[in-house]
Protein chains: 2
Amino acid sequence: MFFHFRQKFPQLNAYWDKYLPFQKRQEVPAKTLLLAEGRRSQQYIFIEKGCLRAFLNKDGNDKTVQFFFEQEGLASFESFVNNTPSVISIETIEPSILYMLPKKYVLQLVEELSREPNFAQMVLQMSAQRQAHYMNEFVSFIRDTPEQRYQNLLKKKPKIVQRVPQHYIASYLGVSTVHLSRIKSKLAKGKSHF
Amino acid sequence: MFFHFRQKFPQLNAYWDKYLPFQKRQEVPAKTLLLAEGRRSQQYIFIEKGCLRAFLNKDGNDKTVQFFFEQEGLASFESFVNNTPSVISIETIEPSILYMLPKKYVLQLVEELSREPNFAQMVLQMSAQRQAHYMNEFVSFIRDTPEQRYQNLLKKKPKIVQRVPQHYIASYLGVSTVHLSRIKSKLAKGKSHF
DNA sequence: CTTGAACGATAACATATGTTATCAAGTTTT
DNA sequence: AAAACTTGATAACATATGTTATCGTTCAAG
């Protein structure tokens with residue numbers, strides 16, 4: 001979480017560097033499960049290369065809630081703090097190179113950070129931004145049609161559409177693979193009209 | 001936000017009491033718009049009596065995202081901190097008695113609180129809990145069928161089903177009023193089988 | 001008391017979306 | 001190179017859900 005905000009809060013760089021040595025580098029193949037639904041998150045994950053997804057399971061077929069790419073970090077922060085079982089699973093989509101920081105060090109880092117002068121303000125801003133992010137995802141999900149959401153993806157995050165297999169996209173949009181195909185062919189027809 | 005945590009952090013009571021005088025009591029009829037989509041949230045709202053809903057508009061018909069009742073407080077916290085336009089609207093469902101604390105005082109209160117010894121820890125916990133809450137709402141929305149969500153409501157928040165007109169429930173579940181009726185009649189048939 | 005909203009049920013029909021099956025092309029494994 | 005798997009498109013059919021319209025009830029405003 002905190003590492004996302006290095007640009008914004010340069011004071012954090014020192015901490016980041018200090019905990020670098022405790023990160024474990026790991027190369028993992030595609031479809032490696034990194035966190036299973038129901039387990040407690042045990043580490044912070046930073047992606048050097050590759051791509052992951054967060055998803056949840058429903059009667060065998062799963063729903064993707066978020067994609068992650070190079071230079072992004074992730075952790076179920078609320079699972080750390082509340083020590084609750086994770087409601088989502090995390091796995092690699094492509095073969096990936098990851099850096100993992102065990103929970104122990106994350107908590108230790110937070111403890112150190114909490115003595116930084118403006119830590120409270122930072123936390124406020126961070127959580128406000130994260131909330132805004134989730135809120136927007138949620139709003140888009142309940143307000144927009146799958147077709148609109150797909151066009152949004154194309155426009156705002158073309159990287160996802162290019163790199164990620166279609167069935168993950170479908171599960172992210174909340175439709176079946178068949179229906180996503182229909183959406184694509186419909187859009188293609190629309191465009192060819194000139 | 002912070003007032004939700006009085007039991008958990010009794011140190012907050014003093015602040016709460018201190019800012020009581022700045023709250024404006026207000027009696028409003030049903031269907032009063034308190035915050036319009038696109039505007040910036042200007043106050044913290046505490047409900048003494050009545051019931052509100054947060055919703056967002058989509059081509060004329062709206063989608064309810066949350067209900068609020070007596071003794072609950074609400075504010076678009078991220079709108080305060082980020083100073084961004086709200087993505088949701090808030091209105092009363094029943095005639096209500098509210099206490100409003102203007103944004104100015106909320107920020108002032110946060111400023112004071114940030115000098116509390118464990119403020120950072122409190123913020124961490126609060127935001128972790130809120131995130132968990134939104135996450136669960138989101139997960140339930142994408143994982144469960146409308147029928148399951150309705151049964152969940154019945155079980156976990158019967159108050160909502162009893163007090164809130166059905167079309168708001170329908171818009172909360174993400175279905176039309178007609179379909180909610182169908183769900184109810186189907187469940188009723190199921191139950192009468194003895 | 002009467003009138004008109006607001007609320008909720010239901011039917012009939014239209015549309016959106018899921019499911020299953022099949023085919024084809026591309027990749028990986030053996 | 002052959003086999004197995006992954007990915008994606010498409011058709012046919014089934015189901016879920018939306019839309020519109022109608023009706024009865026309740027409840028508040030005149």
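The analysis underlying the following values was restricted to heavy atoms, covering all of them including side chains, and did not include hydrogens, waters or symmetry mates. Numbers restart at 1 for each chain; the letters A, B, ... are given by sequence-line order, proteins then strands. Just so we're clear, the structure is a prediction, and the values are computed from it rather than from any experiment.
For the pair Ser89(A) (side chain) and Glu37(A) (backbone), a donor-acceptor distance under 3.5 Å is present. Of the possible polar contacts, one joining the Glu72(B) side chain to the Phe69(B) backbone as a donor-acceptor pair under 3.5 Å is found.
Under the 30°/60° scheme for interplanar angles, the aromatic rings of Phe46(A) and Trp16(A) are found to stand perpendicular.
Here Phe55(A) is tied into one hydrophobic group with Leu33(A), each link being a pair of ILVMFWY side chains closer than 4.5 Å. Side-chain heavy-atom separations under 4.5 angstrom define the hydrophobic clusters, and Tyr134(B) shares its cluster with no other residue.
In summary, contact between chain B and DNA chain D, defined as any nucleotide atom under 4.0 Å from a heavy atom of the protein, begins and ends at dT17(D) to dT20(D) in the 5' to 3' direction.
Both Thr177(B) and Pro146(A) lie close to DNA chain C; mapped to their nearest nucleotides by heavy-atom distance, the more 5′-ward contact belongs to Thr177(B).
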Polar-atom pairs under 3.5 Å, protein N or O versus N or O of nucleotides 22-30 of chain C: list them with distances, or write none.
none

Provide a list of protein-nucleic acid N or O atom pairs under 3.5 angstrom, restricted to nucleotides 5-7 of chain C.
none

Sequence neighbours excluded and cut-off under 3.5 Å, please list the side-chain donor-acceptor pairs for residues 168-180 of chain A, or say none.
from      : atom 1 : to        : atom 2 : distance (Å)
Ser171(A) : OG     : Thr64(A)  : N      : 3.0
Ser171(A) : OG     : Thr64(A)  : OG1    : 2.7
Ser171(A) : OG     : Tyr168(A) : O      : 3.2
Tyr172(A) : OH     : Glu137(A) : OE1    : 2.9
Ser176(A) : OG     : His179(A) : N      : 3.2
His179(A) : ND1    : Arg182(A) : NE     : 3.3

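Applying the ring pair (Phe, Tyr, Trp, His ring centres under 6.0 Å) definition to pairs two or more places apart or across chains, those involving residues 22-42 of chain A are Tyr19(A)-Phe22(A), Phe22(A)-Tyr105(A). Annotation: salt bridge (charged side-chain N to carboxylate O under 4.0 Å, His left out) contacts involving residues 82-107 of chain A, sequence neighbours excluded, comprise Arg53(A)-Glu91(A), Glu94(A)-Arg163(A).
Expressed to the nearest 0.5 Å, how far CG of Leu98(A) lies from CG of Leu74(A) amounts to 8.5 Å.
Looking at residues two or more places apart in sequence or on another chain, you find no salt bridge (Lys or Arg N to Asp or Glu O under 4.0 Å) involving Lys159(B). The salt bridge (Lys or Arg N to Asp or Glu O under 4.0 Å) test applied to Lys157(A) returns no partner, not counting sequence neighbours. Scanning for side-chain contact (heavy atoms from CB on, under 4.5 Å) contacts around Asn82(A) gives Glu78(A), Thr84(A), Ala128(B), Gln129(B), Ala132(B), with sequence neighbours left out.
Of the charged side-chain nitrogens involved, none lies within less than 4.0 Å of a carboxylate oxygen, so that Lys49(B) and Glu27(B) do not count as a salt-bridged pair.
Defining each end axis of the helix from dC1(C)-dG30(D) to dT30(C)-dA1(D) as the rotation carrying four pairs' C1' atoms onto the next four, with five pairs an end, the two axes are found to diverge by 40° to 10 degrees.
Val178(B) comes within contact range of at least one nucleobase, with a heavy-atom separation under 4.0 Å.
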